[in-house]
Amino acid sequence: MATAEPRPRTAPRQLDSWKAIAAYLNRDIRTVQRWEREEGLPVHRHPHKQRDTVFASTAEIDTWTADRQITQPKAAPRPWGRRLSLAGLVGLLLAGGIWLGVVSQAPRPRSDLKAIPLTTYPGIEAWPSLSPDGTQVAFAWKREDRQDFDLYIKVIGSDRALQLTKTEDWDAAPAWSPDGREIAFIRSFVGGGNALYTVSPLGGRERLLTEIEGRGFAYWWPSPTDLGGQLSWSPDGKWLAYPGIWLLSPATGEKRRVSPPAAPGLSDGFPAISPDGRRLAFVRSRAGNVGDVYAVALSGGEPKRLTNCLCAIFGLAWTASGREIVFSADSGGESSLWRVPADGGTPVSLHAIGKPASLPSIARQGRQLVFSRSWADSNIWRVDAPAGAAAKPPVKWIASTKSDAAPRFSPDGSQVAFTSNRSGSWQVWVCDRDGSDASQLTSFAGGAGLASWSPDGKSLAFNAAVHGNSDIYVTSSNGGPARQLTIDDSVEAAPAWSQDGRWVYFWSNRSGRAEVWKIPAAGGSPVQVTRNGGHRSMESPGGSFVFYHKSPTLYDAWKIPVGGGEETLVLSNLRSRWTVAKNGLWYFDQAKDGRWLLEFFDFATGRKTPVVAVPGVPRLGQSPTVSPDGTTILYEQLDIREGDLMLVEDFR
């Protein structure tokens, strides 16, 4: 491949046309345009002007030219051959931490990358999207004084943000069109449902493109289960990709789906079309929202798996050259950015950027990367609700500067097991009923959580990702070695003991979708419990029924007899996970004034009773827990949730 000759460094000046840029590089215009499209030649567009009105800086071009000469491969990499030992191969595979990808020439890590704050507004700024020329960023902002996300745009280098949308619904996932004239986004309606819209970067009237399936993250907030929210335009502007994976023509309304998963229980999200418009990268997830990065031809075909991490992934983006993909993954309690060759290989951590890091966006021209850095502090709160008396206001009970979650009372009510990342990764902890004397029970490298007490209080079952996928383990409640209970390659999680202590329930996707299973507590073969979908489960206090959710995204309460039989819908339209008490269900719902209420559903009367308003936002994805005497409820509450946008300059 030809390379441009280095030019003597002079005072920087601006080149105001393709002709001037081509003359400066001593190449024809078509070659220079190809370099911009395929190799990241830094060419900028004048915002809001005619599509091909471009400019470039001679200083940026000189830097690009010098770097391009350094990074051009001088020879093809040598094949691994048969001389590579097994030990050497294992070492190479493990070089990327938990990532066991296809062996290929890995990208070189850079230690000089530095992330600086791009926004520091009060509230949550997320879903950044860089303009094609890298001079502006569109993003979603949930202000402190509002319940919803709206779209904003700001010029990099300026602190002022221009508001583009303002409704009671939630707007997110903006994506600039290639010509910079439109921004596509997802609108999630508070009452349920989603739609795709476009709006001008100057604001003004919005254009509805199409409605899309799903209730949307506005319905599930603050525990969104719609994790694939990302849009991507093809370079020619003819197609807009959205989760599914679907391609939509904004001009004609034509739709077509690209390589839908053949197996049940899989979902595709976070689409990103390559800079040359030939390929589409996306995340294929299984139940539990763990998955990998794939790529497929835009015209369809068999997708190629690029990573082998089986982890939670939060967004991806192609580099400007199209040679690599940058993605965000949770590798033990906190998200971080990684880069992987576009044809697959061993991912390399962008550790210098720091954590947490999600939803990356990379400029098509220039050298900017923007991502979201959000954080939350959840604590465990207590509600005293004596029988026949008014509930007392909630009080903070188990707290730290990190997140504490998923509390579970011991059978005698003297202790509480919970999950926390206060040690640096998510692990199981145990403390006294009053929250004191907390001690760490597990120390798994991949994290552990969602503990369940055995009826005699001597053991705890929990899920942990030791071999890449989640399995069920059992350990003494006093600590010690853990015994692995499930051994399949599928996902097994959220254990719950039977009332007689003989079985441990869990959900698994081993059948192709989430179903409830049970396994002998002493070990043995799993037995399938549900047949029409099942997720987190628990036996009723009397041991007559198994209560469960249908899926990770549907919190409606169902039950089935312990011995098998017909399933029955108990309570529908629930917005939070629930827990089974002796006479009913405890759960959360939102009042019309926006407050969250702890409510009780009475099995005998079929009546829903608001018990107390909580001072913050409960973690809807985690069930509350009730003390054995039924007078105390513990739940997880999000006390701090903030998010800023971070900028990385000179990213290549």
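Quantities reported herein were computed from a predicted structural model and do not represent experimental measurements. Computed over heavy atoms, backbone and side chain alike; hydrogens, waters and symmetry mates excluded. Residue indices begin at 1 and follow the sequence shown.
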Heavy-atom donor-acceptor pair, S335 side chain to D330 backbone, under 3.5 Å
no
Using a strict cut-off of less than 4.0 Å between a Lys/Arg side-chain nitrogen and an Asp/Glu carboxylate oxygen, indicate whether R207 and E182 qualify as a salt bridge.
yes
Straight-line distance of D639 CG to N379 CG, nearest 0.5 Å
4.5 Å
Quick one: does K304's side chain have a donor or acceptor within less than 3.5 Å of a partner on D343's backbone?
yes
Could you tell me if S420 and D404 have a donor-acceptor pair between their side chains, going purely by distance under 3.5 Å?
yes
Contact between E642 and E144 at the side-chain level, heavy atoms closer than 4.5 Å - yes or no?
yes
Distance check, rounded to the nearest 0.5 Å: I153 atom CD1 versus R160 atom CZ?
11.0 Å
Tightest non-hydrogen contact, residues D268 and S259, listed as OD2-O, 3.9 Å
Minimum heavy-atom separation for S131 and T135, please, with both atom names.
OG-N, 3.3 Å
Please give me the minimum heavy-atom distance between D236 and K238, naming the atom from each residue.
OD1-N, 3.0 Å
I need the N194 CG to S188 OG distance, nearest 0.5 Å.
4.5 Å
Does atom CD of Q163 have more than 12 heavy-atom neighbours from other groups under 6.0 Å away?
yes
Does I183 form a side chain to side chain contact (heavy atoms under 4.5 Å, CB included) with T198? I'd like the steps, not just the answer.
CA-CA 5 Å; I183 295 176; T198 61; over 6 Å; no
Scanning both residues in full, the closest heavy-atom pair of P178 with G237 reads CG-N, 3.8 Å
Does any part of the side chain of F314, heavy atoms only, come nearer than 4.5 Å to the side chain of S372, both counted from C-beta?
no
Does the side chain of D169 reach to within under 4.5 Å of the side chain of D148, using non-hydrogen atoms?
no
State the CD1-CG distance between I212 and L248, to the nearest 0.5 angstrom.
10.0 Å
Does F588 offer a backbone N or O that forms a donor-acceptor pair with the side chain of S576 under 3.5 Å?
yes
In Å, rounded to the nearest 0.5 Å, how long is the span from NZ of K355 to OG of S328?
10.5 Å
What do you reckon, are the aromatic ring centroids of W141 and Y152 less than 6.0 Å apart?
yes
Are F270 and F282, when compared by the centres of their aromatic rings, separated by less than 6.0 Å?
no
Are W381 and V614 close enough, and set up right, to give a side chain to side chain contact (heavy atoms under 4.5 Å, CB included), and what steps lead you there?
CA-CA 9 Å; W381 287 64; V614 300; over 6 Å; no
Test item: L118 and D644 side chains (from C-beta on) under 4.5 Å apart, heavy atoms
no
Ring centroids only, cut at 6.0 angstrom: are W127 and F149 within range, meaning strictly under it?
yes
Would a distance-only check, ignoring hydrogens and angles, find a side-chain to backbone donor-acceptor pair under 3.5 Å from R619 to G621?
no
Restricting to ring-ring contact (aromatic ring centres under 6.0 Å, His included), what partner residues turn up for W239, sequence neighbours left out?
none
Heavy atoms of G616 and W596 approach each other most closely as O-CD1, 3.9 Å
Could you tell me whether the side chain of R143 and the main chain of G123 form a donor-acceptor pair under 3.5 Å?
no
Check E125 with K142, please: is the shortest side-chain N to carboxylate O separation under 4.0 Å?
no
Is the backbone N or O of A175 less than 3.5 Å from a side-chain atom of W233, with the two atoms forming a donor-acceptor pair by type?
yes
Output the distance between atom CG (L209) and atom OG (S249), rounded to the nearest 0.5 Å.
9.5 Å
Apply side chain to side chain contact (heavy atoms under 4.5 Å, CB included) to D171 and I186, showing your working.
CA-CA 6 Å; D171 300 331; I186 298 176; over 6 Å; no
Would you indicate whether the side-chain heavy atoms of R422 and S400 approach each other to under 4.5 Å?
yes
Determine whether W426 and S403 make a side-chain contact, defined as any pair of heavy atoms from C-beta on separated by less than 4.5 Å.
yes
Stepwise side chain to side chain contact (heavy atoms under 4.5 Å, CB included) test for F651 and E649
CA-CA 5 Å; F651 183 82; E649 295 276 17; over 6 Å; no
Would you find a donor on one side and an acceptor on the other, under 3.5 Å apart, between the side chain of T119 and the backbone of Y121?
no
Any idea which heavy atoms bring R364 and A320 closest together, and the distance?
O-CB, 3.7 Å
Tell me whether S274 contacts the main-chain N or O of G322 through its side chain, where contact means a donor paired with an acceptor under 3.5 Å.
no
In the structure I gave you, are the side-chain heavy atoms of T401 and D377 within less than 4.5 Å of one another anywhere?
no
Heavy-atom side-chain proximity of Q136 to L130 below 4.5 angstrom
no
